[in-house]
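What follows is a set of notes on a single structure, which appears directly below.
In what follows, chains are A, B, ... by sequence order, proteins preceding strands, each numbered from 1.
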There are 2 protein chains.
Amino acid sequence: MADVARLAGVSVSTVSYALSGTRPISLSTRERIEQAMLDLGYTPNAFARGLKSKRSRIIALLLPAQTASPRLSALEYILGASDHAQERGYHLMLWTAGVEAADDLAQFAGQGLVDGVLVLDVRPDDPRIQVLARAEVPFAMIGHNAEPDGLDYIATDFAHSARLAVEHLSELGHRKLGFVDAMSEVEGGDGARLGKELEEAAGRVGATMIPVAAEESVEGGRTAFAALAGADPQVSAIVVFSEHVVPGLMRAAAENGRRIPEDLSVICIDMAPHVAELTTPPMSTVGPSAVQIGQAAVDLLLRRLDGDAAPARQLLFQGELNLRGSCGPNPTTDHHPGSSTSQQRRYLQ
Amino acid sequence: MADVARLAGVSVSTVSYALSGTRPISLSTRERIEQAMLDLGYTPNAFARGLKSKRSRIIALLLPAQTASPRLSALEYILGASDHAQERGYHLMLWTAGVEAADDLAQFAGQGLVDGVLVLDVRPDDPRIQVLARAEVPFAMIGHNAEPDGLDYIATDFAHSARLAVEHLSELGHRKLGFVDAMSEVEGGDGARLGKELEEAAGRVGATMIPVAAEESVEGGRTAFAALAGADPQVSAIVVFSEHVVPGLMRAAAENGRRIPEDLSVICIDMAPHVAELTTPPMSTVGPSAVQIGQAAVDLLLRRLDGDAAPARQLLFQGELNLRGSCGPNPTTDHHPGSSTSQQRRYLQ
DNA sequence: CTGAAAGCGCTTACAG
DNA sequence: CTGAAAGCGCTTACAG
């Protein structure tokens with residue numbers, strides 16, 4: 001910057017003000033400065049700027065590392081958030097240490113490197129929330145913990161998703177439903193909340209819902225299918241909330257002579273569109289766009305960084321039903337779906 | 001840091017040296033300093049440190065934004081690189097602006113924010129390479145451009161992958177092969193290189209290879225299938241190098257009465273394992289682990305950052321054949337695979 | 001083994 | 001409309 005000032009024949013403070021636009025600069029001075037910056041290929045140093053201004057224009061995305069089994073939909077959050085942050089002039093840093101690495105996170109948050117933090121895969125008793133609060137770093141959650149009062153978050157409206165899924169299956173004549181949830185989901189977590197909503201929705205349409213906890217693997221999917229078939233052979237539709245059980249579940253169904261969707265309906269909650277297209281038949285899903293949630297989370301956080309002192313905002317995103325091909329009428333009833341309601345749905349493809 | 005020094009009764013420089021360990025400190029002094037840091041919950045400021053030391057311990061991952069159609073395997077690169085960088089004491093920043101945003105990238109690289117850069121999805125004439133070289137930021141590529149001499153990179157050994165795929169199909173009796181490549185792949189890019197290697201490998205085993213360029217979409221996959229069937233109805237096996245065409249290709253095959261693997265074999269190059277498990281039948285693949293490539297790319301870059309002035313390293317990762325279920329014997333011949341070689345393969349699941 | 005001091009490259013009151 | 005100067009919180013020769 002000193003070089004620019006010298007070349008333009010002004011002081012460094014004038015260069016700085018020209019750059020930030022925080023005070024009026026005469027046209028001729030500004031032009032000389034801009035020319036000098038171009039000639040020298042000058043770019044302001046991010047560290048000097050950050051040191052003085054206490055703002056880095058960097059936000060972090062906390063994605064607990066599970067290299068072994070990443071949800072493919074995580075990519076949509078990441079790209080949605082990253083693109084949007086960049087559009088709004090922020091950089092996005094990835095923090096993939098596990099939930100349990102609280103000390104490392106405290107260190108990270110205390111460094112002043114990031115202006116704010118986005119927290120993914122939030123658990124009910126998530127230790128990261130305390131750490132961030134203590135470090136006094138603004139943050140927003142995607143999902144939420146057990147006591148989210150006073151905290152900014154954005155989450156899926158599970159009550160709405162449950163209703164969409166169950167009503168759709170009910171219209172197809174299904175009365176006995178299964179719900180496969182990931183075993184890793186702790187008590188009071190997303191899976192449990194969704195399960196509760198599904199059960200209520202099932203109750204409202206006079207259906208029953210059998211929940212099964214599955215390990216997040218191909219084998220877990222097989223086991224879940226066996227468990228459901230064992231619990232009640234009449235189960236004709238399954239709601240799934242774990243990407244990784246899908247292959248095993250579908251294969252077990254095929255091996256037991258249950259064709260999808262003719263003999264068995266399957267619908268997935270919060271599965272990314274690209275993933276849903278890969279199965280045969282393509283998977284019907286319910287859920288909001290992860291890309292949009294990622295973008296909205298960035299907006300929520302930047303609102304705080306811009307000094308908004310308003311009360312915490314808690315946004316619920318309503319999903320939509322994306323019918324692809326994995327749900328059909330219950331073969332054991334001769335029910336036909338009402339044409340009036342189904343007309344209003346979005347049929348994809 | 002001044003607070004720590006005061007509390008410990010030493011100078012700030014002593015605190016700094018204790019922190020960095022770059023000069024001997026007496027045990028008692030060190031203990032007082034450490035206690036003071038704990039008491040105050042002190043964490044060194046990243047910007048002050050970066051300003052003086054000219055090192056940020058941040059690396060950037062350049063992933064051209066394609067929110068519309070991200071490859072799910074991109075997630076493996078990201079997580080592999082991020083985890084590994086974190087283990088080695090570095091932060092990973094995501095840069096998802098498009099390849100064409102050269103000015104923004106120059107700005108970014110000139111800020112001094114990142115010590116080094118990892119470049120993904122490198123094109124033959126990739127403008128980012130010049131920008132980074134001019135900004136004098138150390139970088140390493142995953143994949144490579146048209147003139148990679150003197151540049152660090154790590155890439156898939158396509159000759160090896162092509163050989164594995166073609167020899168496997170050849171052993172199954174397939175003589176007419178198709179190759180579906182993404183249309184977006186520009187001349188001289190990965191797709192073109194792989195295509196050349198596949199053709200050579202096919203020539204060596206006396207098979208023919210028909211290449212088809214497809215749009216990266218479900219519809220593109222359908223079109224590709226039709227093109228291949230139209231070009232030669234005898235094509236009995238298809239090598240695919242684009243995740244997004246897989247659903248359309250598989251559906252078109254099914255609609256034309258060609259069962260996989262009984263009537264048609266399909267094998268994918270560089271598809272992530274979790275993606276491969278989702279198709280029915282599960283997809284056989286050839287390729288190295290994207291997680292490992294991400295990790296190795298970090299190592300390659302950090303080697304430079306650690307001041308290694310050795311000549312550029314160019315690493316080729318050899319893939320392996322992961323047989324899952326999408327390849328079978330050519331139904332139009334009565335060929336049986338030789339048991340000796342197939343024994344040596346890794347059968348998954 | 002320890003301290004005093006310069007300086008990294010900016011921003012921003014203070015002064016004119 | 002512009003400049004001189006302090007200071008952000010560290011690191012690192014220089015000195016003892």
Subject >> Set of ring-ring contact (aromatic ring centres under 6.0 Å, His included) partners for His144(A), sequence neighbours left out >> reply: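 Residues passing ring-ring contact (aromatic ring centres under 6.0 Å, His included) with His144(A): Tyr153(A).
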Contact class for [X] vs. all strands (heavy atom < 4.0 Å): base, sugar-phosphate, or nothing?
X: Thr29(A); answer: sugar-phosphate
X: Phe47(B); answer: nothing
X: Ser16(B); answer: base

Subject >> Centroid-centroid distance, His84(B) to Tyr90(B), less than 6.0 Å >> reply: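 No: the rings miss the under 6.0 Å criterion.
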Subject >> Asp190(B) with Arg193(B): basic N within carboxylate O range, under 4.0 Å >> reply: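 A salt bridge is present here (some side-chain N lies under 4.0 Å from a carboxylate O).
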Original post:
Does the pair Lys54(A)/Asp115(A) count as a salt bridge with the N-to-O cut at 4.0 Å?
Top reply: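 Salt bridge flag = no for Asp115(A) with Lys54(A).
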**OP:** Runs of at least three consecutive Watson-Crick or G-U pairs, both distances under 3.5 Å, are what I'm after; which ones involve DNA chain C?
**Re:**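 Stem list for DNA chain C: C:1-3 with D:14-16, C:5-12 with D:5-12, C:14-16 with D:1-3.
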**OP:** Starting at CZ of Arg304(B), measure out to CD1 of Ile59(B) and round the result to the nearest 0.5 Å.
**Re:**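 Separation between the atoms: 15.0 Å.
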Original post:
Say you draw a straight line from CG of Leu92(A) to CZ of Arg57(A); how long is it, rounded to the nearest 0.5 Å?
Top reply: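 One gets 13.5 Å once the value is rounded to the nearest 0.5 Å.
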Original post:
Between the base of dT11(D) and the side chain of Arg49(B), is there any donor-acceptor pair under 3.5 Å?
Top reply: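 Absent.
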**OP:** Report yes if a side-chain nitrogen or oxygen of Tyr17(A) is closer than 4.0 Å to either non-bridging phosphate oxygen (OP1 or OP2) of dA13(C); otherwise report no.
**Re:**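 Negative; the distance criterion is not met.
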Original post:
Does the side chain of Ser13(B) get closer than 4.0 angstrom to OP1 or OP2 of dA5(C) through an N or O atom?
Top reply: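 No.
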